[in-house]
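Have a look at the structure below, then the notes.
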Amino acid sequence: MISPTERMLAEIDGPIGWITFNNPTKLNAMSADMWAAIPVILDHYENDPTVRVVVLKGAGEKAFISGADINRFEERKSSTETAASDSDNMRNALERLEHCKKPTIAMIRGYALGGGMLVALHCDMRIATEASRLGIPAAKLGISYTLGGIQKVLDLVGPAVAREILFTARQFNGAEAQAMGLLNRVVPDGELESFTRSYCTMMAENAPLSIQASKGIIAELMKPSGVADRARCEALAKMCMDSEDFAEGRKAFAEKRKPAFQGK
Ligand code: COA
């Protein structure tokens, strides 16, 4: 009803506004319409006083979100306009998520990879199961997170672990991800939804303005004090986007084989 695409479901149940990434045949890989739907749903939830907490989840049993839709990268490469509008949609969605006045919780079952990790990292908290698989496989494809995404990883886990996550590009299970600081809670698989519901109900009973104030103050205190060279960061990410290796990464994914990277 309030979602502009069937690939994103919005449902209010008691104090919880649910957002479901609904692209299960691709393990909920994110397409442009899905990014664009996030601000629309959040606007609705922010203006509905019955919604006290927003919970994001993936449809099906296998994944929260498997990342940006890799097939879509081909289209993006051939059109600067598509690439720019996809990036705008994504940036806008992540910003809205980060600054949502209400608490946002990523309820992670299965894979949270790449762009899926970005969504989870822009939520206030992450609850997952022991069998969840979290990671940033950008280096397996030949691309890179940009400044905002890497800042989020850094804020949560610090530089040593951020390097480990990005350089190895491997998937971490629930226990590893929690030890790294990526997850707030890890619960047995069968208890994910019941635990999340009761934890959110606990928050929903607290004063919304207190939570809003804490969230705002934490966000202010987390603002980076150093002056990052934004142009250099953009150029580094673009270098990957334009590389032969990224073409090889996409091709290898499509052909279900290991990529052979050349460093160019
Ligand atoms: N983009 C587009 N399609 C994706 C996708 C993505 N990010 N992730 C999975 N899919 C598709 C697969 O191509 C496959 O489609 P097919 O049935 O038409 O072949 C389907 O979803 C199921 O995935 P599959 O790879 O068969 O499942 P699996 O259980 O063997 O492996 C993953 C699961 C998540 C490990 C694997 O799909 C994967 O590595 N995905 C890409 C993850 C990634 O690099 N994300 C970052 C992108 S920025």
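Start at 1 and go down the list; that is how both ligands and their atoms are numbered. If you're wondering where the values come from, they're calculated on a predicted model, not measured in any experiment.
Judged by the 6.0 Å and 45° rule, R197 forms no cation-pi pair with Y199.
For the pair F172/R133, no side-chain contact is recorded, criterion being any heavy-atom separation below 4.5 Å from C-beta on. L113 places none of its side-chain heavy atoms less than 4.5 Å from the side chain of F64.
Residue-ligand proximity: T25 is placed with a non-hydrogen atom under 4.0 Å from ligand 1. Distances shorter than 4.0 angstrom occur between a heavy atom of K256 and an atom of ligand 1.
Atoms of ligand 1 found under 4.0 Å from any heavy atom of L113, numbered from 1 in the order shown, are 34 (C), 42 (C).
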Solution key, residues 134-149 side-chain donor-acceptor pairs under 3.5 Å, sequence neighbours excluded:
residue : atom : partner : partner atom : Å
Y145    : OH   : G114    : O            : 2.6
Y145    : OH   : L118    : N            : 3.4

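Proximity of Q171 to ligand 1, defined as any heavy-atom pair under 4.0 Å, is confined to the side chain (atoms from C-beta onward). In A29, the part holding a heavy atom less than 4.0 Å from any atom of ligand 1 is the side chain.
Polar contact check, I143 against ligand 1: no nitrogen or oxygen pair lies under 3.5 Å apart. Remark: ligand 1 and P137 share no N or O pair separated by less than 3.5 Å (distance only, no angle test). Considering backbone and side-chain atoms together, K62 places an N or O closer than 3.5 Å to an N or O of ligand 1.
Inside a 4.0 Å radius of atom 8 (N) of ligand 1 there is at least one protein heavy atom. Less than 4.0 angstrom separates atom 44 (O) of ligand 1 from at least one non-hydrogen atom of the protein. At a distance under 4.0 Å, a protein heavy atom can be found next to atom 29 (O) of ligand 1. For atom 1 (N) of ligand 1, the protein comes within 4.0 Å by at least one heavy atom.
The nearest protein atom to atom 48 (S) of ligand 1, hydrogens excluded, is given as A68 N, 3.9 Å; this is a heavy-atom distance. In terms of protein heavy atoms, atom 40 (N) of ligand 1 is closest to F253 CE1, 3.5 Å. For atom 31 (O) of ligand 1, the closest non-hydrogen atom of the protein is Y111 OH, 4.2 Å.
Residues L183 and L192 do not share a hydrophobic cluster, defined by chaining ILVMFWY side chains whose heavy atoms lie under 4.5 Å apart. Cluster annotation: V187 and M107 are assigned to the same hydrophobic cluster (Ile/Leu/Val/Met/Phe/Trp/Tyr, side-chain heavy-atom contacts under 4.5 Å, transitive).
In terms of modelled atom types and a separation under 3.5 Å, the side chain of Y111 and the main chain of N28 share no donor-acceptor contact. Between the side chain of E130 and the main chain of D189, no donor-acceptor pair closer than 3.5 Å is present.
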Between S243 and D245, does a side chain to side chain donor-acceptor pair (under 3.5 Å) hold up when you go through it step by step? CA-CA 5 Å; S243 68; D245 277 354; 5.5 Å; no

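Side-chain atoms of T129 and S132 include a donor-acceptor pair closer than 3.5 Å.
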